[in-house]
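Just below is one structure, and these are the notes that go with it.
Note that ligands are numbered from 1 as they come in the structure, with each ligand's atoms numbered from 1 the same way.
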Amino acid sequence: MDAQQINLLLQDSAAHYRKRLLKKAANTAQIALDFGKNEGAPANVLIDANLLLNRIYTTNGIYQGEPSFFNTAFSYIVAAKRLMLDHVEHTERLADVLLYEGITAGGSGNYATAAERFEEVLNLSREQENEAGIISALCAKSNNAVLQNQFAEALEAALEAHNFLSQSAEADNEELLCEVLEKVAESYIKQRKYGDSLEYSQRLLQTARRSRNVEKELIALKFIAIVCSVKANYKIGMQYFFEALDKSEQIGYRPNTAHILVNIATIYAHLYNYDDALSRYNRVLAEFDDVVDDNTHAAVFNNSGNIYYATDRFTEALQCFTKSLKYAEKINYRPLIAHSLAQLSRAHYRLKNYETSMAYAEMAETHISELGTVNGKQINQLNLAKLYLRSQDLDRALELCNAGIKTAEQLKDDASILRGRRISANIYKAKGDFEAALEHQTQYSRLQEDFSKTQRNRRFLDLEIRHAIKEQEKEIAVLTKENDYQSRLLQQSDQIARQNEELLSVNEDLRQFAYVASHDLKEPLRMISSYVRLIEKHFGNKITEDKQQYFDFIKDGTRRMNNLLEDLLRYATIGKSGIDKEDVDVNRVLEVCKFNLKVRIEENNAVIDIPDLPTVYTNKPLLNQLLQNLLSNAVKFRRPDVAPVVLVRCEDRETEYVFSVADNGIGIPEEFRERIFIIFQRLHARTKYEGTGIGLAICQKIAQKLGGKLWLESEAGEGSTFYFSLPKE
Ligand code: ADP
């Protein structure tokens with residue numbers, strides 16, 4: 001395999017990577033790298049392979065949230081760096097190496113190292129006037145800032161990248177453009193500049209769709225969904241979220257899938273569709289626990305707790321709030337600590353654990369008094385009011401209740417205002433002030449009505465959304481069906497073309513398998529045969545004749561297996577590559593073939609008759625292999641008592657040359673004439689004619705590769721003629 005073939009494999013891998021078929025991409029690039037190393041490929045090719053593998057593993061690490069992938073990714077960077085040290089002529093690749101090193105570091109949470117690398121890349125790229133390098137470094141810098149919650153810096157870097165890109169020669173580079181648009185849109189979202197974000201997100205969506213970049217497409221969908229939801233346009237927001245979810249699941253981008261699920265759940269919860277909300281939150285905890293951060297954990301538990309509480313499942317609510325408290329403490333987010341404590345107090349109250357409830361309320365109060373007006377304050381005040389009402393401390397209860405209502409009004413928490421009115425009615429009742437109680441009760445009823453109206457509206461919206469999403473899914477199903485129908489109407493030739501494509505992809509799998517198998521199996525085989533030889537040497541003439549026979553069996557087996565692997569490898573490597581053509585003198589090629597087959601020809605006393613043959617514009621190594629296989633078979637499949645005579649001929653037709661190799665051997669019965677072209681198919685016992693059954697499969701593949709065909713005529717018992725055509729230029 002030469003550098004060109006390795007490059008083709010790398011291109012293959014990069015295409016898989018672009019589609020985020022990460023396993024496939026990694027396998028292909030690894031094969032390229034292994035072959036490259038074994039066959040001494042040029043350093044720049046090896047650097048490419050290492051960098052591509054680094055990117056694949058880094059992305060995999062980010063998608064799976066799996067730290068070990070980052071270690072692997074790092075090992076490829078180390079290898080690329082070593083190659084650059086050994087081959088100083090490639091220092092122009094340093095910017096790439098540093099960029100990817102930074103991205104891997106950032107992915108694994110090492111932001112400081114990442115920042116350092118990006119700064120280096122930026123300087124270096126400016127020095128080298130490498131525009132793509134500058135833009136990539138700025139995007140990476142922006143991303144790194146987002147990861148550390150430095151949103152102003154993120155926006156600044158992203159905008160700089162955007163300006164630079166639009167003025168540079170890279171302005172049409174859609175991959176870079178996606179990167180830049182994503183960073184600008186994301187930074188705007190983080191800065192809560194939703195209108196600006198929407199503009200860039202929409203451009204991102206267009207560019208990503210045009211360049212078939214699934215990852216960026218789904219990110220654009222998600223950004224648009226977030227903006228819509230923030231603007232309370234839940235219906236459209238949800239549609240975008242669902243589309244994004246679908247794409248994210250397709251490519252297995254787990255943290256992103258989790259994030260979208262949380263968003264969907266939160267909107268459902270807001271619309272009082274508790275079942276759909278809970279099922280999403282639970283899915284996040286069940287499937288994505290390892291990739292969601294502490295912030296998200298805290299939010300998921302808190303929101304689920306609220307739902308359980310609202311639906312009278314207090315034990316479950318308790319469990320959730322205990323966990324949201326734990327996570328809020330871990331990230332030291334005090335408003336959520338206070339809120340969780342207040343909610344714990346409420347849940348305990350409902351479970352009639354009044355003392356525990358009081359204890360939590362007091363803890364919450366300690367936090368809240370230091371925080372000012374935060375969400376949770378009103379909840380705790382009202383809860384304390386209820387607790388004091390229970391212990392008949394009515395003045396304190398009333399004081400807290402009024403304060404609670406006021407806070408709730410400030411925070412526009414209608415549910416709490418409502419609850420406050422009911423509690424104050426109860427307090428006045430307990431005080432014996434029935435007039436005031438009645439007044440509060442009336443206010444409560446009025447508010448209750450308004451509240452129910454909002455609730456009804458939201459529930460209605462929820463129904464509408466669910467309906468829209470079902471329609472969306474149906475639409476997709478219909479589209480797929482229409483496609484099916486249309487494709488059924490396609491001409492037969494199209495069907496054949498499609499089948500061919502499938503076959504090609506099956507072949508492609510086989511080819512990859514064959515690479516790996518033949519490559520990896522050869523090594524242990526070599527070990528077996530060298531140890532057998534060692535043992536043999538060690539025992540020397542102490543080996544008895546029958547034992548010697550065992551050794552011979554082993555040696556014969558390993559030799560055959562080696563032949564098989566070599567043929568298989570040869571078969572596998574013909575496939576993919578583009579081929580160089582040149583003027584090839586077929587006479588010279590046949591001379592080489594004859595030289596290679598010298599022993600076989602002499603042993604069999606074969607006569608090979610070759611007239612003067614033309615020069616053809618084709619690929620020399622492949623033609624050589626094709627002719628050599630045919631000649632070799634022609635001599636090998638001889639009749640025991642008739643010396644082989646082989647005639648090579650060429651017919652000069654208008655658009656093609658037709659070569660033939662005719663023998664006077666055993667011939668091939670009619671019923672086997674197709675089968676022999678299938679890999680591993682042989683008609684004879686190995687003891688009679690040696691072989692692997694791959695030769696003709698190779699020949700056929702070569703003939704196709706060279707633009708021609710391979711076929712045969714044969715008379716069983718009398719001989720066979722194999723023909724192949726080669727197009728004139
Ligand atoms: P191999 O030679 O390793 O067995 P091939 O793929 O070259 O594998 O050939 C497949 C089978 O086709 C052979 O095993 C043999 O049975 C048959 N064959 C090929 N070439 C000839 C020939 N010139 N004459 C008779 N049989 C042939």
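The protein atom (non-hydrogen) at minimum distance from atom 1 (P) of ligand 1 is G693 N, 3.5 Å. The protein non-hydrogen atom at the shortest distance from atom 2 (O) of ligand 1 is K636 NZ, 3.0 Å. Looking only at protein heavy atoms, the nearest one to atom 16 (O) of ligand 1 is H684 CD2, 3.1 Å. Scanning the protein for heavy atoms near atom 26 (N) of ligand 1, the closest one is I668 CG1, 3.3 Å. Distance from atom 15 (C) of ligand 1 to its nearest protein heavy atom, with residue and atom name: F637 CZ, 3.3 Å.
If you check the side chains of D546 and T544, you find a donor sitting under 3.5 Å from an acceptor. Between the side chains of Q548 and D552, a donor-acceptor pair is found at a separation under 3.5 Å. Using modelled atom types and a 3.5 Å distance limit, the side chains of T59 and Y17 yield a donor-acceptor pair. No side-chain donor from either of Q625 and N629 sits under 3.5 Å from a side-chain acceptor of the other. Side-chain atoms of N587 and D612 form a donor-acceptor pair, as typed in the model, at a separation below 3.5 Å.
Per-residue contacts place S720 under 4.0 angstrom from the following atoms of ligand 1 (heavy atoms of the residue considered): 24 (N), 25 (C). Atoms of ligand 1 lying under 4.0 Å from at least one heavy atom of L683, given by number and element, are 14 (O), 16 (O). For ligand 1 and I676, the ligand atoms under 4.0 Å from any heavy atom of the residue are 10 (C), 11 (C), 12 (O), 17 (C).
Among the atoms of G695, some N or O lies under 3.5 angstrom from an N or O of ligand 1. At under 3.5 Å, not a single nitrogen or oxygen of Q681, backbone or side chain, sits near a nitrogen or oxygen of ligand 1. Here's the thing with L696: one of its N/O atoms is less than 3.5 angstrom from an N/O atom of ligand 1. The N/O atoms of N633, backbone and side chain alike, include one that comes under 3.5 Å of an N/O atom in ligand 1.
Considering only residues two or more places apart in sequence or on other chains, K542 meets the salt bridge (charged side-chain N to carboxylate O under 4.0 Å, His left out) condition with none of them.
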Can you give me every donor-acceptor pair (side chain of residues 658-676, partner residue at least two apart or in another chain, under 3.5 Å) with its distance?
residue, atom, partner, partner atom, Å
D663, OD1, G665, N, 2.9
D663, OD1, S720, N, 3.0
N664, OD1, V645, N, 2.9
N664, ND2, A643, O, 3.2
R673, NE, I668, O, 3.0
R673, NH2, I668, O, 3.0
R673, NH2, S714, O, 2.8

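Closest non-hydrogen pair, L710 versus C699, comes out as CD2-CB, 3.6 Å.
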